[in-house]
Amino acid sequence: MSQFWKPGTDRPRPCLVDDEEGGVLFYSTPPPSSSYGYANLEKQRQRLPVFKYRTAILYLVEYHSTVIIVGETGSGKTTQIPQYLKEAGWAEGGRLIACTQPRRLAVQSVASRVAEEMGVKIGEEVGYTIRFEDKTVQGVTKIKFLTDGVLLREMMDDPLLTKYSVIMVDEAHERSISTDMLLGLLKKIQRRRPELRLIISSATIEAESMSNFFRTRKKNDGHATDDNGLKTEPSILSVEGKGYPVEIHYVQEPVSDYLQSAVDTVLLIHEKEAVGDVLVFLTGQEEIDAAVQILVEKASDKTSHFSGLLVLPLYSGLSRSDQDLIFSQTPKGKRKVVISTNIAETSLTLEGVVYVVDSGFSKQRFYNPISDIENLVVAPISKASAKQRAGRAGRLRAGKCFRLYTEDYFVKEMPAEGIPEMQRSNLVSSVIQLKALGIDNILGFDWLASPPPEAMIRALEVLYSLGILDEDAKLTTPSGFQVAEIPLDPMVSKMIIAADTLGCSEEILTIAAVLSVQSIWVSVRGKHKGLDEVKLRFAAAEGDHVTHLNVYKGFLQSGKSSQWCYKNYINYHAMTIRKAILAGFFSHASQLEEYSQNGMYKTVRNSQEVYIHPSSVLFRVNPKWVVYHSLVSTDKHYMHNVIAIDPSWLIEAAPDFYQLKRPNPAIF
DNA sequence: GAGCACTGC
């Protein structure tokens, strides 16, 4: 079938897919609820020639500007569709087929699988691009895998993405900020480039809303076409996965303590169920460590049959070597139990899992645009997530999923989908990116899901105060455009630009790098004291940022710690460094309450009550004025990464901001 | 004297 239809050529319409082996694949017209076709890959393996699936894909892509693929895990859509398109000639004439993934690791592994299947070396006909790594060759690469964020960045140079004939957006149902932005922008591009084909791969639950979003003209008319006879009505093709069935078990009554319940369920599985590893979903490190401890104690009793349990924690804060333990072969006669955060839901796949225990909760970030505070809270997961978690039990053989909530709750109360990241995040980075792409009417942008207007306004306000947007909400020259080019939080970018004139770029770049990673410290259970002592060795009076700089310098000098006598040098530079930080973070200034006994500060912007986090070197030092990098909210609002400042620097850094009573109304 | 779901450019 490699000589299949050449796109754009004039030829008779292929007939509907007629399957002589029993109608496994069919194409119905007119489509019931805009759904076409159904390909069953599992059956196909035994008795359906591969070209049936290919036929359906190519037919739909040929005649529809947008195709939505509802593909379960293991359906092979990600690896097969790009190959079909290439063979059918979609990558000819110097244009490429692009396939996005939301994660770097997925990009790499999918690309190498496809290269292997096609018998080519990666970086030639099949390539990939992720940040810091470009394995493509111009003129040679035909299928290009990339993260959605990279494709967004590419739009800054080539807004219509003219290099590509087909763009496939995989895992669109995850609704990451980048994916949502990309889909909104792709819809715009389609108006200018009607020949561009989009393939959106999504879970069942999101398919209809995706379809509605891309349905552009002549609503309610399934046969709407554009001038070229191309159907503008998106088509939906569903492809079954080859995962094994997973039996779902619910609790009879709601549980009051899901941690305890998870532990009990693991013990019960070990007692009653056949061999096979267990994966438990809890919400965070603290919970996971607690559950691990309880189970390890049970397992340490050599006389009980629980000694067969091999219990391992899994979360991103673990060191790489600890994370790798979960992939080790389960010793004979043992049952591996991995207790994990959401990292095992999408990012990491454990192959031997047969039993899943689902607490029904995960930690989720919520942003309050009014207070400008991001909260990390334990919240109920969605049905989509629950399904994904359960699916983790069916990779090896038929499995079981134990849900620690009632069926009634699942059916009646659990939300179908999670809230898109777009609607619970700070939008400063997204807004500047859209502005850089020439989208001026941000509030009128056609979002798959509109973010709260308050968040949008807050983002515009912040960018205006940073001098990145002018009074007409357009990017300023050169500052605004420079900041948009730098792939960092705009406040950090502004700091970097300011460092240039203050002559401390090297130091500020180091600090920016440290601020861009989650933490430079590795968490080791029960070794908090040691870590605190090590930190003290690097502590700088100016605050955490300069302390990070010390750490980095120490790293460069690795092994020579006793000879460090940089103190004067650091003091010399500390002032200019702090001013550069302030150029970006002036709006994060806080003042110590004069009569405060407990180190209470109030933010300058909205008099929010905040405290210095105990991990800071300035904890209990309590300088009169500080600027923080971020707020972390638990029982109190804690300032993370704090430097001491002189309040006069604030006026110097942002004279408008500190005199402005109300932000300029023109930007709304 | 407290705490870090997960990604990405």
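Below, chain A is the first sequence line, B the second, and so on; all start at residue 1. Since the model is a prediction, treat every value here as computed from it, not as a measurement.
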Trainee: Just by distance, with hydrogens left out, do A/S385 and A/E345 show a side-chain donor and acceptor under 3.5 Å apart?
Mentor: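 Yes, side-chain donor-acceptor contact under 3.5 Å.
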Trainee: Output side-chain donor-acceptor pairs under 3.5 Å for residues 143-156 of chain A, partner residues at least two apart or in another chain, one line each.
Mentor:
from   : atom 1 : to     : atom 2 : distance (Å)
A/K144 : NZ     : A/E154 : OE2    : 2.8
A/K144 : NZ     : A/Y164 : OH     : 3.1
A/D148 : OD2    : A/S176 : OG     : 3.4
A/D148 : OD2    : A/T179 : OG1    : 2.7
A/R153 : NH1    : A/A484 : O      : 3.2
A/R153 : NH1    : A/E485 : O      : 3.2
A/E154 : OE1    : A/Y164 : OH     : 2.6
A/E154 : OE2    : A/Y164 : OH     : 3.4

Trainee: Give a yes/no on whether any side-chain N or O of A/T147 is located under 4.0 angstrom from OP1 or OP2 of B/dC9.
Mentor: yes
Trainee: If you check the A/H613 side chain, which of B/dG1, B/dC9, B/dG3 turns out closest?
Mentor: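 From the listed options, B/dG3 comes nearest.
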Trainee: For A/I343, which contact category applies under a 4.0 Å heavy-atom criterion: base, sugar-phosphate, or nothing?
Mentor: sugar-phosphate
Trainee: Please identify each residue that fulfils side chain to side chain contact (heavy atoms under 4.5 Å, CB included) with A/N641, with sequence neighbours left out.
Mentor: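 In terms of side chain to side chain contact (heavy atoms under 4.5 Å, CB included), with neighbours along the sequence ignored, A/N641 is linked to A/L515, A/D544, A/H545, A/H548, A/H629.
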Trainee: When we call it a touch if two heavy atoms are under 4.0 Å apart, what does A/R365 touch: a base, just sugar-phosphate, or nothing?
Mentor: base
Trainee: Go through B/dT7, B/dC9, B/dC6 for me and flag the one nearest to the A/R103 side chain.
Mentor: B/dT7
Trainee: What's the CG-P distance between A/D322 and B/dC4, to the nearest Å?
Mentor: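 Atom-to-atom, A/D322 to B/dC4, this comes out as 20 Å.
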Trainee: Please output the side-chain donor-acceptor pairs of residues 129-136 of chain A that fall under 3.5 Å, not counting sequence neighbours, one pair per line with the distance.
Mentor:
from   : atom 1 : to     : atom 2 : distance (Å)
A/T129 : OG1    : A/D134 : OD1    : 2.9
A/E133 : OE1    : A/Q108 : NE2    : 3.3
A/E133 : OE2    : A/Y128 : OH     : 2.5
A/D134 : OD1    : A/T136 : N      : 3.3
A/D134 : OD1    : A/T136 : OG1    : 2.7

Trainee: Nearest of B/dG8, B/dC6, B/dC9 to any side-chain atom of A/T341?
Mentor: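 So the side chain of A/T341 is nearest to B/dC6.
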Trainee: Provide, to the nearest angstrom, the distance between the CG atom belonging to A/N598 and the C1' atom belonging to B/dA2.
Mentor: 15 Å
Trainee: Between A/Q364 and A/L488, which residue's closest nucleotide on DNA chain B lies nearer the 5′ terminus?
Mentor: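 Closer to the 5' end of DNA chain B: A/Q364.
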Trainee: Near DNA chain B, counting only heavy atoms under 4.0 Å, which residues of residues 149-157 of chain A show up?
Mentor: A/G149, A/V150, A/R153
Trainee: With sequence neighbours excluded, what pairs up with A/H613 under the side chain to side chain contact (heavy atoms under 4.5 Å, CB included) test?
Mentor: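 Listed in chain order: A/S615, A/Y638, A/H640.
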Trainee: Does the side chain of A/N342 come under 3.5 Å of the side chain of A/R389 through a donor N or O and an acceptor N or O?
Mentor: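 Distance-only check passes for A/N342 and A/R389.
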Trainee: Not counting sequence neighbours, which residues clear ring pair (Phe, Tyr, Trp, His ring centres under 6.0 Å) with A/F366? List them please.
Mentor: none
Trainee: Report the distance from atom CG of A/L437 to atom C1' of B/dC9, rounded to the nearest whole Å.
Mentor: 13 Å
Trainee: Without decimals, in angstroms, what is the distance between A/I288 CD1 and B/dG3 C1'?
Mentor: 14 Å
Trainee: Which one, B/dA2, B/dG1, B/dA5, comes nearest to the side chain of A/R620?
Mentor: B/dG1
Trainee: Looking at A/S316, does any N or O in its side chain come under 4.0 Å of the phosphate oxygens OP1/OP2 on B/dC6?
Mentor: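 Checking A/S316 against B/dC6: at least one side-chain N or O falls below 4.0 Å of OP1 or OP2.
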Trainee: Have a look at A/V632 and say if it touches a base, only the backbone sugar-phosphate, or nothing, with a 4.0 Å heavy-atom cut-off.
Mentor: sugar-phosphate
Trainee: Rounded off to whole Å, could you give me the CD1-to-P distance for the A/I339 and B/dA5 pair?
Mentor: 15 Å
Trainee: Rounding to a whole Å, what distance do you find between A/Y611:OH and B/dG3:P?
Mentor: 13 Å
Trainee: Round to a whole Å and report the spacing from CD1 of A/I486 to C1' of B/dC9.
Mentor: 12 Å
Trainee: Rounded to the nearest Å, what distance is computed from the CE atom of residue A/M181 to the P atom of nucleotide B/dG8?
Mentor: 17 Å
Trainee: Under a plain distance cut-off of 3.5 Å, with no hydrogens placed, do A/Q364 and A/S362 share a side-chain donor-acceptor pair?
Mentor: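 Side-chain D/A pair, A/S362 to A/Q364: present.
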